[in-house]
Amino acid sequence: MIIKENLLYSAGATEEHYNPGDYIFREDTIPHFYYQIVTGVVKLNSYNDDGKEFIQNIFSDESTFGESMLLLAKPYPVNAVTISRCTVLKVSREQIFKLMDANPYILLSLCKVLSERSYEKNVLMRKITSKNAEERLMEILDILKQSHMNRDKFSFEIPYTRQQLGAFTGICVETVIRAIKRLEKNNVLMIRNRKIFY
DNA sequence: TCATTAAAGTTAT
DNA sequence: ATAACTTTAATGA
């Protein structure tokens, strides 16, 4: 959790409810709010000229998203779309700036979040330059697993569909499917009723 | 090696 | 039932 919920409420936070597929904000619009997920999963995506989706990031419970654009007051370069039912706290830009003024540690934790995001992007960019789809996929599986604790083989259920993995890596679904099957043959991962365990 | 297209199978709502 | 997701196969860059 980046900012305590009661603090957000004291800053006039409103609780927003979304159904899967709802847009929280759209590309090219100006940010006016700080968003923090209470429950649910949100993706940041964009579409290329062919209409192919590219997922930039996926966030779930207790994380904030779109904060860098809010601070900069630059138009969103991505859409925020809910993947599941979501409850999200929403605080106006003015109020969140007041909060940061009054609570230096909030500023600090925001800095930390931004640094983390930047670091993750660097790692991702570095890894995603791997040659073939199979290796690229393995790299992002590694990254995803790092966020959850258990290091054991096959202990981590990938919380994404093959389509989402494809949109996340820029690989088409069919290739994801084939690559994953090959990885299963090589004992890198395990498939149990269509769920991927890594 | 991989994207694309098409078509069919499976699961979730 | 319908939509969403997965799978297989053929083709071409």
Side-chain angles (χ1 to χ4, degrees), chain A residues 14-29 35-66 76-90 120-148 150 152-198:
Chain A
T14 59
E15 199 179 290
E16 305 286 331
H17 296 273
Y18 299 93
N19 287 315
D22 285 349
Y23 278 71
I24 298 175
F25 58 70
R26 284 173 189 273
E27 192 174 345
D28 293 329
T29 61
Y35 296 98
Q36 184 167 304
I37 303 174
V38 180
T39 58
V41 185
V42 175
K43 66 180 172 183
L44 301 187
N45 74 3
S46 57
Y47 294 88
N48 70 8
D49 303 335
D50 303 335
K52 192 172 152 188
E53 181 189 23
F54 188 77
I55 297 178
Q56 316 267 354
N57 227 328
I58 299 184
F59 298 114
S60 53
D61 296 7
E62 320 249 289
S63 38
T64 175
F65 56 90
Y76 288 118
V78 290
N79 308 292
V81 186
T82 57
I83 290 179
S84 65
R85 291 191 54 137
C86 288
T87 304
V88 176
L89 291 182
K90 185 173 147 183
E120 283 167 10
K121 279 289 169 218
N122 289 162
V123 172
L124 186 69
M125 285 303 115
R126 170 81 229 305
K127 302 242 171 187
I128 218 154
T129 48
S130 307
K131 326 158 225 335
N132 55 53
E134 209 170 299
E135 286 185 38
R136 266 185 281 163
L137 225 30
M138 262 184 61
E139 297 290 5
I140 79 126
L141 292 187
D142 266 332
I143 291 172
L144 291 178
K145 186 167 181 171
Q146 274 171 30
S147 63
H148 273 272
N150 197 337
D152 297 344
K153 238 192 171 191
F154 308 150
S155 66
F156 178 58
E157 177 179 342
I158 306 297
Y160 306 125
T161 66
R162 285 147 180 75
Q163 287 184 142
Q164 288 167 341
L165 286 175
F168 205 55
T169 50
I171 301 168
C172 73
V173 212
E174 294 86 342
T175 303
V176 170
I177 288 166
R178 291 180 193 115
I180 280 178
K181 288 198 162 169
R182 257 178 278 131
L183 290 174
E184 187 193 27
K185 260 196 186 110
N186 299 340
N187 232 312
V188 175
L189 53 80
M190 186 178 115
I191 300 174
R192 224 174 53 206
N193 49 0
R194 288 184 164 191
K195 287 285 169 198
I196 303 164
F197 294 86
Y198 178 66

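In what follows, chains carry the letters A, B, and so on, assigned in the order in which the sequence lines appear, proteins first and then strands, with residues in each chain numbered from 1.
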### Query
Heavy atoms under 4.0 Å, any strand shown: does A:Gly21 hit a base, just sugar-phosphate, or nothing?
nothing
### Message
In this structure, how many angstroms lie between the P atom of B:dT11 and the CD atom of A:Gln163, rounded?
### Response
16 Å
### Message
Nearest whole Å is fine: how far is C:dC5 P from A:Ile180 CD1?
### Response
15 Å
### Task
Consider the side chain of A:Ala133, meaning its heavy atoms from C-beta on, and name the nucleotide among B:dC2, B:dA6, C:dT6 that approaches it most closely.
B:dC2
### Query
At their closest point, which heavy atom of A:Arg136 faces which heavy atom of A:Thr169, and how far apart are they?
NH1-O, 4.1 Å
### Task
Establish, with yes or no, whether the OP1 or OP2 oxygen of C:dT8 is under 4.0 angstrom from a side-chain nitrogen or oxygen of A:Arg178.
no
### Message
From CD1 of A:Ile177 over to C1' of C:dA9, roughly how many Å is that when rounded to an integer?
### Response
13 Å
### Task
Compare every heavy atom of A:Gly40 with every heavy atom of A:Ser84, then report the nearest pair and how far apart it is.
OG-CA, 3.3 Å
#### Entry: A:Ser46-A:Gln56 side chain donor-acceptor pair, cut-off 3.5 Å
yes
### Task
Measure from CD1 on A:Ile83 to C1' on B:dT13 and round the result to the nearest Å.
17 Å
### Summary
Here the pair of heavy atoms bringing A:Val176 nearest to A:Gly166 is CG2-CA, 3.7 Å
### Query
Think A:Lys52 has a side-chain N or O under 4.0 angstrom from the OP1 or OP2 of B:dA3?
no
### Query
Does A:Phe156 have A:Lys145 sitting over its ring (NZ/CZ under 6.0 Å from centre, angle to axis within 45°)?
no
### Message
So if I take every side-chain heavy atom of A:Asn132 and compare against B:dT5, C:dT7, B:dC2, which nucleotide ends up nearest?
### Response
B:dC2
### Task
Determine: side-chain N/O of A:Thr175 to OP1/OP2 of B:dA3, distance under 4.0 Å, yes or no.
yes
### Summary
From NZ of A:Lys195 across to P of C:dT6 the rounded distance in Å is 8 Å
### Query
How long is the line joining CD1 of A:Ile55 and C1' of C:dC5, in whole Å?
13 Å
### Task
Tell me which nucleotide among B:dA3, C:dA9, B:dG9 gets nearest to the side chain of A:Arg194.
B:dG9
### Query
Quick one: is C:dC5 close enough that its OP1 or OP2 comes under 4.0 Å of any side-chain N or O from A:Arg162?
no
#### Entry: Atom-pair distance (CG on A:Leu165; C1' on C:dA4), nearest Å
16 Å
### Query
B:dA3 P sits how many Å from A:Arg136 CZ, rounded?
7 Å
